[in-house]
Amino acid sequence: MAKVVIIGCGGVGTVVAHKCAQHPEVFTEIVIASRTRSKCDAVAKSIGKPNVSTDTVDADHVDQIVALLERHKPELVINVALPYQDLTIMEACLQCGVNYLDTANYEPKDVAHFEYSWQWAYRERFEQAGLTAILGCGFDPGVSGVFTAYAAKHWFSEMETLDIVDCNAGDHGKAFATNFNPEINIREITQNGRYWQEGEWVVTKPLEFHKTLTYPNIGPRESYLLYHEELESLVQNFPTIKRARFWMTFGQEYLTHLRVIQNIGMARIDEVEYNGTKIVPLQFLKAVLPNPQDLGENYHGETSIGCRISGKGKEGQPLTYYIYNNCSHEAAYKETGMQAVSYTTGVPAMVGAMMFLTGKWNLKGVRNVEEFDPDPFLAALAENGLPWHEVVDGDLEVL
Ligand code: NDP
């Protein structure tokens with residue numbers, strides 16, 4: 001049906017490529033392109049299908065992406081490189097008349113700050129070109145937004161509180177490692193927290209608020225309030241929400257390492273001079289930390305990510321609702337060679353691409369996932385390795 005170019009071949013890109021290759025009826029041709037071609041070749045080899053090929057691109061440069069898209073003429077680009085490349089890839093897509101999908105919003109390299117304004121600024125241009133850009137189609141952001149849209153469609157007349165809860169109860173046996181790109185991950189969690197309350201953002205110190213939340217099939221885990229990008233679009237698209245927060249679990253060992261990394265200056269993102277060479281400490285740290293793609297083999301346990309929502313049901317009655325997925329690291333590794341954090345991001349990216357290419361998600365312009373119909377997406381998500389569950393009128397415990 002359509003040709004896709006996947007840009008980026010890390011943990012997430014590997015899963016996206018594997019999952020797209022499972023659906024040749026939708027993804028007739030798949031090109032995996034990244035900065036390091038050998039990684040793309042290795043993934044293409046492990047998939048072993050004739051419709052999967054590879055290419056090279058440095059996606060920091062619009063002209064290189066344009067040349068890539070002109071060579072392959074895809075219908076859609078699935079951007080699973082880093083958030084720094086979002087704008088250059090969107091720009092190239094506009095120049096070449098190609099649709100776009102990503103899993104993380106734009107972040108400038110020199111400031112640890114993310115928000116949608118930079119990508120939303122492309123709305124008019126995508127709309128005028130008759131193209132679609134789907135933003136944030138991983139798990140969170142991604143499925144978290146689709147879960148919320150599903151709750152609004154089927155359960156609530158008015159949603160009042162939303163808590164997105166993200167637990168990784170897996171154990172990879174390393175003293176310290178991040179589950180996705182360490183640079184992006186550490187930048188995200190060392191920032192101030194932020195949540196939405198009565199029409200405005202309340203700022204907290206990094207990891208200042210925490211509480212013990214209980215996750216299905218896992219049990220109690222200490223969970224920390226973070227700012228997460230989907231909160232920005234969800235409170236706009238569902239304006240009845242009075243309070244929206246995001247929680248993520250961290251173990252004590254992880255937090256101790258993180259504190260030390262910060263205290264000794266290794267989380268810095270400005271350049272320092274070392275032996276006549278300029279280096280960014282956090283980028284150097286990435287080079288010595290375990291590669292998230294190599295964690296899969298010995299990873300045990302599960303992730304659990306979901307939305308806990310309260311408000312008024314369709315008949316105006318008080319309602320609580322919890323919708324979530326649990327994903328096993330072992331099962332994800334067995335299928336794709338990657339752990340569950342890459343898996344839970346890559347599967348929704350493939351499903352979002354499938355929704356677009358099969359015409360089920362057909363709005364033009366720059367869109368967040370919750371603007372589309374959640375039903376076909378969630379049906380396909382369950383069929384493709386991420387089944388989800390609902391608890392109606394249960395104890396949300398974070399109320
Ligand atoms: P990795 O670091 O494992 O992989 C990133 C890939 O992008 C690598 O192949 C890298 O190439 C490539 N890349 C980096 N810079 C460029 C460039 N300038 N041009 C071309 N390719 C480039 O990251 P992950 O796979 O863990 O994460 C990928 C994306 O997914 C990130 O944006 C991350 O924020 C997002 N994510 C989203 C989640 C969600 O739920 N929404 C959860 C987890 C991640 P090279 O190997 O040469 O460095």
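When a ligand or atom number is given, it counts from 1 through the structure's own listing order.
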### Task
May I ask you to say whether R35 pairs ionically with D58, meaning some side-chain N is under 4.0 Å from a carboxylate O?
no

### Task
Give the protein residues with at least one non-hydrogen atom closer than 4.0 Å to an atom of ligand 1, ordered by chain and number.
G8, C9, G10, G11, V12, S34, R35, T36, K39, V57, D58, A59, D60, V80, A81, L82, P83, Q85, T103, A104, G138, F139, D140, P141, F180, N181, I184, Q293, T345

### Message
Show the nearest heavy-atom pair for residues H154 and D375, with the distance to one decimal.
### Response
NE2-OD1, 2.8 Å

### Cation-aromatic face contact R308/Y215, 6.0 Å, 45 degrees
yes

### Query
Taking atom types as modelled and ignoring hydrogens, do the side chains of T212 and E222 form a donor-acceptor contact shorter than 3.5 angstrom?
yes

### Task
Going by the salt bridge (Lys or Arg N to Asp or Glu O under 4.0 Å) test, name the single residue among K49, K73, K3 that passes it with E29.
K3

### Query
Is the shortest side-chain N to carboxylate O distance from E253 to K174 below 4.0 Å?
no

